[in-house]
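Excluded from the calculations below are hydrogen atoms, water molecules and symmetry mates; all remaining heavy atoms, backbone and side chain alike, are included.
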Amino acid sequence: MKAEDEVIKTIEALKAAGFEPVDAIFKGMITVMKKSQLQWIQQLADAQEAVGTITIVYKTPDGGVRTVEIPIAEEEEEAAQAQAQPEEAVPGGQ
C-alpha cells in the first residue's frame, strides 16, 4: 500500500470512529536547491500550509561543514509573541 493511500484510509478510519482529524503533516527533508522547488515551498508557506525551517548546509574554506536555518511561515501565534516581547539589551552595548 502506498503512503498516500494509507494516510487517506487512516483519516477515514479516525472519522468513522468519531474522531476529528485536524491535520496531516509531513516531517522530513526535500532538497530545495532548484528555484522551482523553493518557489513551491514558498507558495505552501504563503497559503499557511507549510511551517518549518530550511537548513542550508555549506562548507567553509577550510573544509568544515556548517548549517544555517531559515524559518518558513512562522505560525501566527509565534510571530505575535515575538513582536510582543521587548528586545533584550546586549551586554556592553549602548
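- Inter-residue side-chain proximity for I56 and I70 is flagged as met; some heavy-atom pair is nearer than 4.5 Å.
- Applying the side chain to side chain donor-acceptor pair (under 3.5 Å) rule to pairs touching residues 58-69 yields T60-D62, sequence neighbours excluded.
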Distance-only donor-acceptor hits, side chain of residues 32-46, under 3.5 Å, sequence neighbours excluded:
| residue | atom | partner | partner atom | Å |
| --- | --- | --- | --- | --- |
| Q37 | OE1 | K34 | N | 3.4 |
| Q42 | NE2 | D46 | OD1 | 2.7 |

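- For L14 against P21, the heavy-atom pair with the smallest separation is CB-CG, 3.9 Å.
- Listed here is the closest heavy atom pair of V7 and A24: CG1-CB, 4.4 Å.
- Within the model, atoms CD1 of I25 and CD of E49 stand 12.5 Å from one another, a figure rounded to the nearest 0.5 Å.
- In this structure, NZ in K9 is found 10.0 Å from CD in E6, a value given to the nearest 0.5 Å.
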